[in-house]
Amino acid sequence: MKFRLQTLGRLRLVDEDECDVAFPEKGLLILAQAIAGGHREQSRNDVAKLLWNEVVPSQALVNLRKTISRVTSRQEELGHTFLSFSPSTVRMEPEAIASDLDDIVGNDDQDALSRFRWAAEKFRDDFLKDLKSQGQALRDWIAQQRSDHAALLRESLINAADNATGPDRRLVRSTAVKLLERNPEDDEVRKILDTALALEGRQFDARLLPRGGSLPVPAKAAPLPATAIEPLLEAMGEMRPPRVVLLPPGAGNADATATLFAHSLIEDVTIGLCALRSVSVIAPYTAAQISLQADKASTYEQHAISYILDTRLTNEGSRQTLFTQLIFFANDEVIWADRFTLDDRGLMKSRQEIARQIAFAIASQVERNETMRKTYEGNGGSYRSYLLGQRYLKQLNLPEVRRARKSFREALNQNADLAPAMSGLARSYFVEWLLTARGDSELLALAEQHAREAIAIDDTLAAGYRELGVVKLYSRQFDESIEFHERAEALSPQHANVIASYADTLVQASRPDGGLQKIEAAINLNPIAPDEYFWTAAGACYSLGQYDQALAYIERMRDPTPADRLAAASWGMLGNRKKAGQYVRKTFEVHPDFNLEKWMAIVPFREEWQKTHYGEGLRKAGF
């Protein structure tokens with residue numbers, strides 16, 4: 001049986017039927033390094049230094065011995081020897097394995113166009129693209145391989161561009177976009193892209209963009225601390241232009257014509273943004289792959305993406321519309337959103353105009369947001385801790401909330417002026433107050449203190465006002481809560497989290513109809529919403545007597561445990577004592593000291609009718 005090592009894209013070993021063959025990852029890395037470097041034999045010390053440079057040499061050699069043991073065992077199972085080992089060396093057996101890198105050397109006898117087609121196909125995916133974070137020596141080596149491949153691709157593009165026609169011209173365009181993603185300052189590649197666009201009649205007028213298509217280039221940041229290991233933080237070591245990814249639109253129930261048009265539209269916008277020297281744009285192919293990832297947040301971190309253009313196609317009666325929103329990844333804030341009508345009679349005619357509008361909006365909003373971006377990303381370690389805190393805080397359970405608080409404190413220890421981390425700290429105390437359901441006034445006091453500190457650091461950010469509004473709500477200061485939420489929404493009118501928090505305030509202030517409208521708007525902006533959105537929507541529906549709808553929202557929560565009391569009350573009002581009893585028991589399992597009277601004393605409804613209504617449901621449930 002023949003085996004082949006794949007290094008471009010996902011690192012894997014495949015058999016002659018292209019099926020994956022299990023093999024230790026470190027063994028595959030040793031093979032990849034030997035093949036790429038042309039090394040038939042290397043010293044154990046060199047291999048260990050490459051793979052484990054972050055530990056002391058003695059421990060690196062211990063790690064290598066363990067890897068050798070696993071590799072040897074697996075090779076015996078396969079009946080093939082790819083690597084052999086002596087006490088001091090590691091030797092590759094080249095006859096035993098092929099590789100996707102084999103044809104890179106000695107492939108110079110093709111004509112320019114043929115070699116370009118080969119290179120564009122060969123380097124469609126990055127070298128070891130999906131490899132998890134490794135030590136610095138290995139990351140540096142991988143970066144060098146990718147740079148070498150990009151140089152080869154660039155050379156083939158330059159040699160072939162003048163002679164490209166038909167499909168080759170489109171390949172020239174997509175390859176130029178890919179290379180400009182890597183290096184926005186490459187004037188020679190930029191000229192090739194401009195020529196390709198002009199020949200296709202799709203030239204994008206960069207003069208329509210702010211400042212003649214040139215956004216201010218951020219100043220260089222201080223070098224990263226040696227402990228930084230995330231690819232995201234590596235990218236911050238030298239503050240690069242902000243990276244933007246334009247995700248292809250989800251089709252939903254849209255018809256095929258609108259879907260095709262929308263995909264072409266987003267590609268147009270992507271190409272148009274390549275005219276901006278200080279915005280680094282993710283190429284369409286990579287954007288499409290990112291859109292398929294289950295954990296997009298980790299992918300955004302991995303690729304150091306600052307802005308995401310999210311798009312959705314929707315049917316509105318007889319109209320097809322494209323909903324677009326530009327999200328600042330650091331705090332999940334929607335900084336711009338708009339909806340475009342796609343008229344069946346003039347889809348292609350309006351394509352360039354819509355592309356121009358979207359590109360202009362993206363460029364102008366990125367420009368306005370640059371000061372904020374530098375505040376977040378200027379200190380790599382602090383930013384990383386803040387991002388971890390944000391991730392933990394998405395889970396409505398005490399262990400994750402306390403992990404979030406620890407991360408926010410670490411962020412503030414490194415950068416005391418990071419207002420978003422201070423807001424996150426405030427949020428953590430409020431969420432703990434909510435989850436423990438004990439009415440602990442000290443937790444609310446700490447939440448208010450940190451919210452005010454966040455505002456003192458930066459009064460232009462919505463988050464501090466939002467957290468202060470939440471504290472005022474649960475302190476029964478309803479007018480103040482509404483006032484602070486209005487201020488937060490005015491500062492960030494598209495921020496889904498701010499709108500959701502405002503919705504909760506309106507529900508508790510005995511305006512559940514207005515609260516339901518707000519939370520539905522927030523869910524529209526953030527359709528894969530966190531649990532608290534659906535919890536708020538369920539509370540609004542309960543207060544409006546829509547018990548089935550309340551339960552439907554609770555079912556959409558990933559972890560519905562925090563809403564067990566509300567679910568019990570809803571089933572109680574529907575007269576289903578058996579179902580209600582299940583949630584009563586679940587409540588006491590999580591909160592064995594739960595007391596109905598104490599809970600009703602701290603529920604912050606403004607008007608008595610709403611509190612009486614909620615209490616009625618809880619009593620009918622069996623509390």
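The analysis underlying the following values was restricted to heavy atoms, covering all of them including side chains, and did not include hydrogens, waters or symmetry mates.
The main-chain N or O of Ile327 is never found under 3.5 Å from a side-chain atom of Asp310 such that the two would form a donor-acceptor pair. Panel note: side chain Ser501, backbone Asn497; no donor-acceptor pair is recorded below 3.5 Å. For Asp531 (side chain) and Asp559 (main-chain N/O), a donor-acceptor pair under 3.5 Å exists by modelled atom type. Looking at Thr311, its side chain does come within 3.5 Å of a backbone N or O of Leu247 through a donor-acceptor pair. In this structure, Arg243 contributes its side chain and Tyr300 its backbone to no donor-acceptor pair below 3.5 Å. Here the side chain of Ser481 pairs a donor or acceptor atom with the backbone of Gly469 at under 3.5 angstrom. Of the possible polar contacts, none joining the Ser543 side chain to the Ala540 backbone as a donor-acceptor pair under 3.5 Å is found. For the pair Asn53 (side chain) and Ala137 (backbone), a donor-acceptor distance under 3.5 Å is present.
Lys472 and Glu483 are not joined by a salt bridge, as no carboxylate oxygen comes within less than 4.0 angstrom of a charged side-chain nitrogen. Salt bridge annotation for Arg403-Glu400: present, with a cationic side-chain nitrogen under 4.0 angstrom from a carboxylate oxygen.
With Ser510 as the partner, the side-chain hydrogen bond (donor to acceptor under 3.5 Å, both in side chains) test is satisfied by one option alone out of Lys611, Gln610, Arg606: Gln610.
Residues Ala462 and Val498 come closest through the heavy atom pair CB-CG2, 3.9 Å. Across every non-hydrogen atom of Val471 and Ala447, the tightest pair is CG2-CB, 3.6 Å. For the residue pair His450 and Tyr429, the shortest heavy atom distance occurs at CD2-CE1, 3.6 Å. Closest non-hydrogen pair, Ser570 versus Ala550, comes out as OG-CB, 3.9 Å.
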Report task. List the steps, then state whether side-chain contact (heavy atoms from CB on, under 4.5 Å) holds for Glu532 with Asp504. Result -> CA-CA 9 Å; Glu532 61 194 85; Asp504 186 43; over 6 Å; no
Query raised in the report: So Val470 and His485, side-chain contact (heavy atoms from CB on, under 4.5 Å) or not? Walk me through it.
Result: CA-CA 8 Å; Val470 168; His485 276 103; 4.0 Å; yes
**Report entry** Leu544 and Cys541: CA distance, side-chain angles, deciding distance, side-chain contact (heavy atoms from CB on, under 4.5 Å) verdict
**Finding:** CA-CA 5 Å; Leu544 293 169; Cys541 289; 5.7 Å; no
Report task. Dump the intermediate steps for side-chain contact (heavy atoms from CB on, under 4.5 Å) on Phe484 and Leu473, then the final yes or no. Result -> CA-CA 10 Å; Phe484 285 124; Leu473 168 65; over 6 Å; no
**Report entry** side chain to side chain donor-acceptor pair (under 3.5 Å) evaluation trace for Asp140 with Gln136
**Finding:** CA-CA 6 Å; Asp140 289 344; Gln136 188 62 50; 2.7 Å; yes
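Between atom CG of residue Leu418 and atom CD1 of residue Ile457 there is a gap of 8.0 Å, rounded to the nearest 0.5 Å. If you take CZ on Arg452 and OH on Tyr465, they are separated by 10.5 Å, rounding to the nearest 0.5 Å. Taken from OH in Tyr542 to CG in Leu566, the straight-line distance is 7.5 Å, to the nearest 0.5 Å. Atoms CZ and CG, on Arg487 and Leu468 in that order, are 12.5 Å from each other to the nearest 0.5 Å. Between Ser385 atom OG and Arg409 atom CZ the span is 13.0 Å, to the nearest 0.5 Å. Taken to the nearest 0.5 Å, the CZ atom of Arg466 stands 12.5 Å off from the CD atom of Glu489.
Taking Leu618 as the reference, Arg565, Ala569, Leu596, Trp599, Met600, Tyr614, Phe623 meet the side chain to side chain contact (heavy atoms under 4.5 Å, CB included) condition, with sequence neighbours excluded.
For Arg405, the CZ atom is densely surrounded, since the number of other residues' heavy atoms within 6.0 Å is greater than 12.
The aromatic ring centroids of Tyr307 and Phe329 lie 6.0 Å or more from each other.
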